[in-house]
Structure formats: C-alpha cells, structure tokens
2 protein chains.
Amino acid sequence: MATTPYHHGNLRDALVEAAVEVVREGGPEALSLRELARRVGVSHAAAYRHFADREALVDVVAERALEAMVAQVHRRLDRVDEPDPVTTARRRLVELGAGYVEFALTETGLFRLLFTAYPDPPEGKGDGDDAGEDPYNLLNRALDELVAVGFIGPELRAGAEVTCWSAVHGFAVLNVEGPLRGLSADERDATLTALLLGIDRAFGAGGSWPPLAPVALTTS
Amino acid sequence: MATTPYHHGNLRDALVEAAVEVVREGGPEALSLRELARRVGVSHAAAYRHFADREALVDVVAERALEAMVAQVHRRLDRVDEPDPVTTARRRLVELGAGYVEFALTETGLFRLLFTAYPDPPEGKGDGDDAGEDPYNLLNRALDELVAVGFIGPELRAGAEVTCWSAVHGFAVLNVEGPLRGLSADERDATLTALLLGIDRAFGAGGSWPPLAPVALTTS
DNA sequence: ACCGAGATGTGACCGCTGTCAACATCGATT
DNA sequence: AATCGATGTTGACAGCGGTCACATCTCGGT
C-alpha cells in the first residue's frame with residue numbers, strides 16, 4: 001500500500017490546492033487539467049471524477065480568490081482608526097479601494113482569474129445571510145455609512161457603488177494587465193491617491209471637509 | 001484559371017478582414033488561425049507566410065480595433081455644441097467617456113481583444129506626429145482644455161488622466177465581461193451618468209458650476 | 001522566349017489541450 | 001463473502017498553434 005495507492009484519498013482537495021498554486025504563479029491561462037493531474041501524480045482523466053469540466057474547477061478557484069481578496073481588503077479596513085466618524089467613514093472607503101488594488105497587484109493571477117468567471121454578486125442582493133463577505137457588499141455598506149454620517153448627500157447615493165467599483169476596478173485592470181503595467185510603485189501610489197481622493201471629492205462636493213491623507217500600497 | 005488558383009492574390013488582407021469579422025462576432029478567443037484559413041479557403045499553414053504567429057495577427061486586429069474606437073469617440077465628441085466654453089470642455093470630457101463605453105458595448109469582441117494586447121500608448125508620448133488619434137491623447141487634451149478654461153485647478157491636473165481612464169475603463173469592463181453585464185439599457189445609462197457627472201464633480205469641486213445633462217448610449 | 005530565383009501555398013507531422021468511453025480497482029454495505 | 005458505487009486508468013478523438021520539406025506560381029534578367 002505504500003507504493004502508489006490506487007486511490008488518492010482526497011484528490012479533489014489536492015487538485016484545488018494545486019490549481020490555486022498554478023494560477024497564483026501563471027494566471028488563468030496556465031491552468032491545465034492535464035498539468036494539474038501530472039503535478040498531483042494522477043492520470044490525466046482522473047479530474048473528471050470531481051469536476052464536470054475545466055470551467056467547474058475555475059469556479060472553485062474563483063471562490064478561493066474571492067475569499068483571499070476579501071481578507072486582504074479587511075486587513076486594510078481594520079487598520080482605520082480616526083477620531084472623527086466622518087473621517088472614519090471616508091477613510092474606510094479609501095482603504096476599501098486601496099485594498100482592492102493591492103490584492104490585484106499582489107495576487108495578479110488570482111485577480112485575473114476572478115474576472116474571467118466572476119460569480120455575479122449584484123444579482124444575489126437578496127441573501128442577507130453571508131452578506132458582507134463580498135467586496136460588493138462591503139462597498140455598499142461603506143457608502144451607506146457615508147450617507148449616514150452626512151458626507152454623501154442622499155441624492156448622490158444612487159449608482160455610487162458602480163462609480164466606485166468602476167474606478168477602482170479599472171485602475172486595477174489597467175495596472176495589472178493593461179497599458180499602465182509599467183508604472184513604478186511611486187507613480188502607482190500617486191495616481192491611486194489622486195483617484196481615491198477624486199472619488200472622495202466627487203461625493204463630498206457639497207460641504208467643506210478636511211483633506212484626506214495619501215495612500216501607499218504594500219506590493220511586497 | 002477560374003478553378004482555385006494556387007495563389008490567393010492578397011491572402012494577407014483577406015486574413016485580416018476575416019479575423020476582424022471573427023473577433024467582432026466571437027471575441028479574441030474565437031480567433032483561430034486554422035478556422036481563418038478555412039474561411040478564406042486556404043491551407044492552415046499558408047497564414048504563416050504572412051504572420052509570424054497568432055500574436056502578430058492579433059496585433060493587426062488590435063490596430064483596427066483602436067481605429068474603430070477612436071472613430072466612435074470622435075463621432076460623439078463632434079456632436080458637442082455648447083455656447084459656453086467651460087460647458088463645452090466639460091461636455092467633451094463626458095462624451096469622451098460615453099464614446100469609450102459605447103464602443104465597448106457595441107463592439108464587444110474588438111474591445112475585449114484590444115485589452116489582451118494593448119499597444120502601450122502612455123509609453124509613446126514622444127511621437128508628436130499622429131498624436132491625437134489615440135484615446136489616451138484625446139483624453140489628455142480634453143483635460144488640458146479643462147484646465148485652460150479654469151474648470152480644473154492646476155493642482156488637480158496630475159494623475160487626472162489615469163483617474164478618468166480608470167473609471168471609464170472599469171465601467172466598460174464590468175459591463176462587457178464582468179458582473180455588471182446583466183444591466184438594462186436604462187440602468188446602464190443611469191449609472192454611467194452618475195459616474196461621468198461624478199468625475200465632473202471631482203474636478204470642478206472648487207467652484208459652483210451649472211449641472212450637466214445626463215448621458216444616453218446608443219447600443220443599437 | 002526562356003529560365004531561374006524568390007514568393008507563396010500544401011500536406012504531413014509534433015506536442016499540447018479538453019473531453020469521452022471502456023475498463024480496473026478499491027471500500028463500504030449487505 | 002459478494003456486490004455495488006465511487007474512484008482512478010488507459011486509450012482514443014478532435015482541435016489547436018507551430019514547423020518542416022516540398023510543390024507551385026510569378027516575375028525580372030538575359
């Protein structure tokens with residue numbers, strides 16, 4: 001039994017683990033069922049006992065990626081510590097965006113996979129159970145908070161999620177796989193700060209609020 | 001010689017034409033050298049006389065796509081007709097973004113291909129010859145104009161291109177291949193208007209400017 | 001008018017991929 | 001102990017990008 005047991009034991013988990021690793025290193029296009037099987041030490045068709053097709057495996061990796069992203073965003077969100085509630089809410093929105101971008105730049109492969117098979121979050125707005133563990137929900141709650149503390153006028157709330165998400169996502173995409181990928185860390189921090197403070201200005205245009213501190217990414 | 005001449009005549013052009021058509025219908029992943037050759041009625045290896053590899057063909061299609069995009073943006077830009085120079089400049093920035101998104105939604109396949117092989121425009125800032133026929137240059141000129149007419153304070157100019165591009169590109173991506181692809185035309189118009197006017201607010205936060213009219217896309 | 005050279009197209013081949021069907025093996029249940 | 005369903009294997013197929021030797025055509029120089 002010591003020599004190559006016929007049954008792997010927990011092939012499914014092993015495949016997922018290997019898949020995550022492969023995608024982290026080479027992005028979605030590096031994900032090959034056959035190479036995965038090779039890596040795990042199993043025949044090339046064995047994976048089909050656990051995944052209907054390649055797509056199904058991609059979906060599982062996407063879930064993992066989403067979790068990792070939420071974790072990274074939370075890490076940044078939790079560091080926010082401001083005396084003023086308005087500044088707190090504003091800062092949280094900024095850090096939310098910065099965490100999103102940070103994940104995109106740190107875990108390029110996972111991020112790229114995420115948006116070749118994103119699990120349509122805006123549709124499932126009804127399930128209030130695990131709501132919150134999803135960047136989209138985090139964003140909406142941050143915006144609601146900004147309305148609650150009086151920073152965002154209620155008339156500007158509609159569509160604000162899409163505006164924020166678009167800006168931050170666009171920045172991430174352009175920097176990860178787009179024409180902005182050559183930017184230095186300093187240039188990135190500067191332009192990202194301009195973008196995030198721009199959003200802040202767009203929402204708080206009504207009143208006269210104190211300026212926000214710049215942002216710096218930890219791209220490691 | 002009427003029956004299948006050995007030499008095609010202008011295979012290269014025919015291949016490019018077919019490639020553009022295929023990408024328009026099925027996106028970049030539908031672009032296969034072999035199917036192209038089949039469609040043009042030639043053996044699959046013939047294409048390699050005209051293109052080093054698949055990538056080279058993709059690049060040519062990308063150029064075409066970029067031209068088409070610039071044309072569409074121009075079409076919208078040229079319609080702007082406002083008495084006030086400040087309103088003109090503001091409106092032009094809005095229409096620039098709307099045109100970008102409109103192209104993304106109209107020519108989904110070409111747009112998606114464009115960003116799997118984007119010809120790094122920010123790098124080639126030196127060539128002043130054909131400058132202007134590139135969305136990035138159009139954007140920069142629109143922003144400079146906004147500074148010139150006094151809408152954007154000079155201290156906000158740095159990084160403004162990236163902010164605008166990110167927001168609009170993110171919106172396009174999320175709507176074309178991302179989680180926002182289910183949006184109705186009305187929802188899209190509304191959220192895009194919110195986004196574009198948000199950018200307008202972010203830049204003109206200093207003064208008290210008249211409101212801008214909403215935006216509507218022609219997705220046909 | 002010819003003839004050779006360079007350009008262009010062909011078919012066979014390689015290795016890679018995802019996917020399926022037939023077969024082998026194992027563990028748990030009866 | 002026999003059996004059955006879950007799991008893994010082998011072998012095949014089609015499609016892909018890419019390369020090669022070879023066939024065919026076109027055109028310019030003599």
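A note on names: the letters A, B, ... follow the listed sequences, proteins ahead of strands, and every chain is numbered from 1. Here the structure is a predicted model, which means the values were calculated and not measured. The figures here come from the full heavy-atom set of this structure, side chains too, leaving out hydrogens, waters and symmetry mates.
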Which residues pass the side-chain hydrogen bond (donor to acceptor under 3.5 Å, both in side chains) test with Asn10(B), not counting sequence neighbours? none
Whole angstroms only, please: what is the CZ-C1' distance between Phe51(B) and dT19(D)? 18 Å
Any pair with a residue in residues 18-44 of chain A that passes salt bridge (charged side-chain N to carboxylate O under 4.0 Å, His left out), sequence neighbours left out, goes on the list, sorted by first then second residue, please. Arg24(A)-Glu107(A), Glu29(A)-Arg112(A), Glu35(A)-Arg39(A)
Which atom pairs link the protein and nucleotides 24-29 of chain C when you take only N or O atoms and keep those under 3.5 Å?
| from | atom 1 | to | atom 2 | distance (Å) |
| --- | --- | --- | --- | --- |
| dA24(C) | N3 | Tyr6(A) | OH | 2.9 |

Calculate the interatomic distance between Arg49(A) atom CZ and dT19(C) atom P; express it in whole Å. 15 Å
Those residues at least two apart in sequence (or on a different chain) that pass salt bridge (Lys or Arg N to Asp or Glu O under 4.0 Å) with Asp189(A) are none
Whole angstrom value for the distance that separates C1' of dG18(D) from CG of Leu57(B): 14 Å
Measure from CG on Asn10(B) to P on dA7(C) and round the result to the nearest Å. 18 Å
Scan residues 17-29 of chain B against DNA chain C and write down, sorted by residue number, each residue with any heavy atom closer than 4.0 Å; if none is found, say none. none
Tell me which pairs pass side chain to side chain donor-acceptor pair (under 3.5 Å) where either residue lies in residues 46-66 of chain B, with sequence neighbours left out. Glu17(B)-Arg64(B)
Please state how far atom CG in Asp13(A) lies from atom P in dT7(D), giving the value in whole angstrom units. 12 Å
Under the side-chain hydrogen bond (donor to acceptor under 3.5 Å, both in side chains) test, residues paired with Arg92(A) that sit two or more places apart: none
With side chain to side chain donor-acceptor pair (under 3.5 Å) as the rule and sequence neighbours excluded, what pairs involving residues 192-201 of chain A come up? Arg90(A)-Asp200(A)
Just how far, in rounded Å, is C1' of dG18(D) from CG of Asp53(B)? 9 Å
List, with names and distances, any nitrogen or oxygen atoms from the protein found under 3.5 Å away from nitrogen or oxygen atoms belonging to nucleotides 14-17 of chain C.
| from | atom 1 | to | atom 2 | distance (Å) |
| --- | --- | --- | --- | --- |
| dT17(C) | OP1 | Ser32(A) | OG | 3.3 |
| dT17(C) | OP2 | Arg38(A) | NH2 | 2.7 |

Is any side-chain heavy atom of Phe103(B) closer than 4.5 Å to one of Val73(B)? no
Qualifying salt bridge (charged side-chain N to carboxylate O under 4.0 Å, His left out) pairs with a residue from residues 5-15 of chain A, counting only residues at least two apart or across chains: none
Please examine the side chains of Tyr100(A) and Trp165(A), heavy atoms only from C-beta on, and report whether any two atoms are closer than 4.5 Å. yes
Length of the CD-C1' vector between Glu55(B) and dG18(D), whole Å: 14 Å
Sequence neighbours left out, what pairs pass salt bridge (charged side-chain N to carboxylate O under 4.0 Å, His left out) with at least one residue falling in residues 159-172 of chain B? Arg157(B)-Glu161(B)
With Glu187(B) via side-chain hydrogen bond (donor to acceptor under 3.5 Å, both in side chains) - residues at least two apart: Ser184(B)
At under 4.0 Å between heavy atoms, what does His50(A) touch on the DNA or RNA strands: base, sugar-phosphate, or nothing? sugar-phosphate
Atom OH of Tyr48(A) to atom C1' of dG11(D): distance rounded to whole Å? 15 Å
Does His44(B) make a side-chain donor-acceptor contact with the base of dG18(D), cut-off 3.5 Å? yes
